[in-house]
Structure formats: C-alpha cells, structure tokens
Engineer: 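To start, I am sharing the structure in question, which I have written as structure tokens.
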Amino acid sequence: MAVIRKRLIFWLIKAYIKKSGKTLIISFLLGLCLFFAVVYFSKYFSPLLLSFSKKEIIGIAGAYRQDNLPPEIVNKLSSGLTALAADGTIKPQLAESWETQENGKTYIFHLKPRQYFNNGREVTSESINYNFSDVTTEKPDKYTIVFKLKDAYSPFLVTVSR
C-alpha cells in the first residue's frame, strides 16, 4: 500500500512538471534575474531609501543639573566674569580686569563697558548674580563687583568663569 502511494505521488509530480515545466523554469530564471538586479541596483537606491529613515540626534547624554552642565553647553548659555583658555590660563571675559587683595580673600572685578545681553539690556554689576556661600558681594558702582571671601580660595577666578 505504501508503495502505491509513493508511485502515485511520483506520477502526480511527473505529470505536473510535464504540464507546467516551462512555466516553472521561466519563473525560476525570472526570479533569479530579479534577485541579482535588486542586489546590483541596491547600491544606487539605498542612500535614497536611508535618507527617509535617517535620524540625526544631537546632544550630550548624561544626568546634569544646573551646577554640573558640560562646558560646551554653559559657554552657549552664558558668560562668566573670566574665561578659561585652552592652555589653562585665566583670561577676561565680561570683566575687563581684576585685582586681588588681602592675600586672596578679596577679588575686585571691573566690567567692560558697553556689553549687552541678547535682549539689548546693558551688562552691569547689578545684573551679575553669583550665589556663593561664605562670600559677601558688594557693587560699589555700575561696572565694579567686589567679592569678599571668608577664607582664601585660589581657584576663585576659575569659579567665576561659569
């Protein structure tokens, strides 16, 4: 009985190939040609297809607070009284000059005149606000800020660069 079924299946396949053999061969060859054409031309169309799905993500990953923002972001948002140069030296930014007194306990900054915020308001000593603990701030005139520290703090010029 199993032999008859095998023969029956064999005869059915043979009859199907005899009837539709040309269609099968032509379909196979056409599919093969189409496959190689897609592979060959994909190098021309893939940039076009990728441009529709390409996402550009710009940013800096991390958990940041206002006091630990990366320098690239801080420099775009605000300016400090001083700036830190690439070689590590301190250079003036909003301040034209500064002087230290009392062995580094008092810092006097003289602002550059005619500097403006992006809204057109002039930068004065009243518009500069640093919230330091153990530091008293005096603003004797429009372009002068005096910081009196409780203890000497040598990196203070770097601190006011933010």
Side-chain angles (χ1 to χ4, degrees), residues 23-162:
T23 307
L24 284 174
I25 292 173
I26 291 172
S27 298
F28 176 76
L29 292 176
L30 205 60
L32 199 62
C33 290
L34 186 64
F35 170 76
F36 285 115
V38 167
V39 169
Y40 178 77
F41 288 112
S42 67
K43 63 183 172 186
Y44 299 112
F45 294 113
S46 63
L48 179 66
L49 295 174
L50 290 176
S51 67
F52 292 121
S53 64
K54 190 184 294 185
K55 262 192 210 177
E56 185 173 346
I57 299 173
I58 299 173
I60 298 174
Y64 297 106
R65 297 181 313 273
Q66 186 177 359
D67 60 336
N68 72 345
L69 287 172
E72 300 87 22
I73 303 297
V74 172
N75 292 338
K76 291 181 188 268
L77 294 176
S78 67
S79 297
L81 293 172
T82 60
L84 194 59
D87 62 356
T89 59
I90 304 294
K91 63 179 185 172
Q93 190 163 7
L94 289 176
E96 186 173 50
S97 63
W98 60 85
E99 50 192 271
T100 60
Q101 296 176 350
E102 299 176 22
N103 291 329
K105 288 186 177 182
T106 302
Y107 288 85
I108 302 169
F109 291 92
H110 303 283
L111 297 177
K112 295 176 188 174
R114 294 178 302 281
Q115 293 187 100
Y116 300 95
F117 291 104
N118 62 357
N119 64 359
R121 197 174 55 130
E122 187 177 20
V123 176
T124 62
S125 60
E126 292 299 321
S127 61
I128 305 293
N129 294 317
Y130 285 105
N131 296 320
F132 299 126
S133 60
D134 297 331
V135 176
T136 58
T137 305
E138 297 174 4
K139 299 173 181 179
D141 64 41
K142 190 175 179 180
Y143 297 112
T144 306
I145 303 174
V146 179
F147 294 103
K148 293 187 178 183
L149 285 67
K150 183 178 176 184
D151 296 315
Y153 181 62
S154 58
F156 187 74
L157 292 175
V158 175
T159 305
V160 295
S161 69
R162 294 185 62 101

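Sequential numbering from 1 along the given sequence is applied to the chain's residues. Predicted, not measured: the structure shown is a model, and the values here were computed from it.
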Engineer: Using every non-hydrogen atom in the two residues, find where Leu84 and Ser161 come nearest and quote the distance to one decimal.
Structural biologist: N-CB, 4.4 Å
Engineer: Taking the side chain as everything from C-beta on, heavy atoms only, tell me whether Thr106 gets closer than 4.5 Å to Leu149.
Structural biologist: no
Engineer: Please check if the number of heavy atoms outside Asp87 that lie under 6.0 Å from its CG is greater than 12.
Structural biologist: yes
Engineer: Kindly give the heavy-atom pair with the smallest separation between Phe109 and Ala95, and that separation in Å.
Structural biologist: CD2-CB, 3.9 Å
Engineer: Would you compute the distance between atom OG1 of Thr124 and atom CD1 of Ile145 and round it to the nearest 0.5 angstrom?
Structural biologist: 8.0 Å
Engineer: Return yes if some donor-acceptor pair links the side-chain N/O of Ser27 with the main-chain N/O of Thr23 below 3.5 Å, else return no.
Structural biologist: yes
Engineer: In terms of relative ring orientation, are Tyr130 and Phe132 parallel, tilted or perpendicular, with 30° and 60° separating the classes?
Structural biologist: parallel
Engineer: Let me know which of Glu96, Lys112, Glu122 forms a side-chain contact (heavy atoms from CB on, under 4.5 Å) with Tyr143.
Structural biologist: Glu122
Engineer: Walk me through whether Asp134 and Asp151 qualify under side-chain contact (heavy atoms from CB on, under 4.5 Å).
Structural biologist: CA-CA 8 Å; Asp134 297 331; Asp151 296 315; over 6 Å; no
Engineer: Rounded to the nearest 0.5 Å, what's the gap from CD1 on Ile25 to CG on Leu30? Could you check?
Structural biologist: 13.5 Å
Engineer: Are the side chain of Lys139 and the backbone N or O of Ser125 linked by a donor-acceptor pair below 3.5 Å?
Structural biologist: yes
Engineer: Side-chain contact test, heavy atoms from C-beta onward, threshold under 4.5 Å: evaluate it for Gln115 versus Leu94 and give yes or no.
Structural biologist: yes
Engineer: Supply the atom-to-atom distance Phe28 CZ to Leu24 CG, rounded to the nearest 0.5 angstrom.
Structural biologist: 11.0 Å
Engineer: Minimum heavy-atom separation for Glu126 to Asn129, with atom names?
Structural biologist: O-OD1, 3.9 Å
Engineer: Quick one: closest heavy-atom pair of Gly80 and Gln93, and the distance?
Structural biologist: O-CB, 3.4 Å
Engineer: Please find the pair of heavy atoms, one from Lys148 and one from Glu138, that lie closest to each other, and give the distance.
Structural biologist: NZ-OE2, 3.4 Å
Engineer: Please assess His110 against Glu99 for the test side-chain contact (heavy atoms from CB on, under 4.5 Å), listing each intermediate value before the final yes or no.
Structural biologist: CA-CA 9 Å; His110 303 283; Glu99 50 192 271; 3.2 Å; yes
Engineer: Assess the pair Phe156 and Tyr107: is the distance between their ring centroids shorter than 6.0 Å?
Structural biologist: yes
Engineer: More than 12 heavy atoms of other residues, nucleotides or ligands under 6.0 Å from OH of Tyr40: yes or no?
Structural biologist: no
Engineer: Do other residues, nucleotides or ligands put more than 12 heavy atoms under 6.0 Å from the CG atom of Asn103?
Structural biologist: no
Engineer: Just verifying a value: how many Å separate Ile128 CD1 and Thr144 OG1, rounded to the nearest 0.5 Å?
Structural biologist: 12.0 Å
Engineer: Which heavy atom in Arg121 sits nearest to a heavy atom in Ser127, and how many Å separate them?
Structural biologist: NH2-CB, 4.3 Å
Engineer: Taking atom NZ as the centre, does Lys91 end up with more than 12 heavy-atom neighbours from other residues, nucleotides or ligands that are less than 6.0 angstrom away?
Structural biologist: no
Engineer: First locate atom CG of Leu111, then atom CH2 of Trp98, and finally report the distance between them rounded to the nearest 0.5 Å.
Structural biologist: 12.0 Å
Engineer: Is the closest side-chain heavy-atom distance between Val158 and Ile90 below 4.5 Å?
Structural biologist: yes
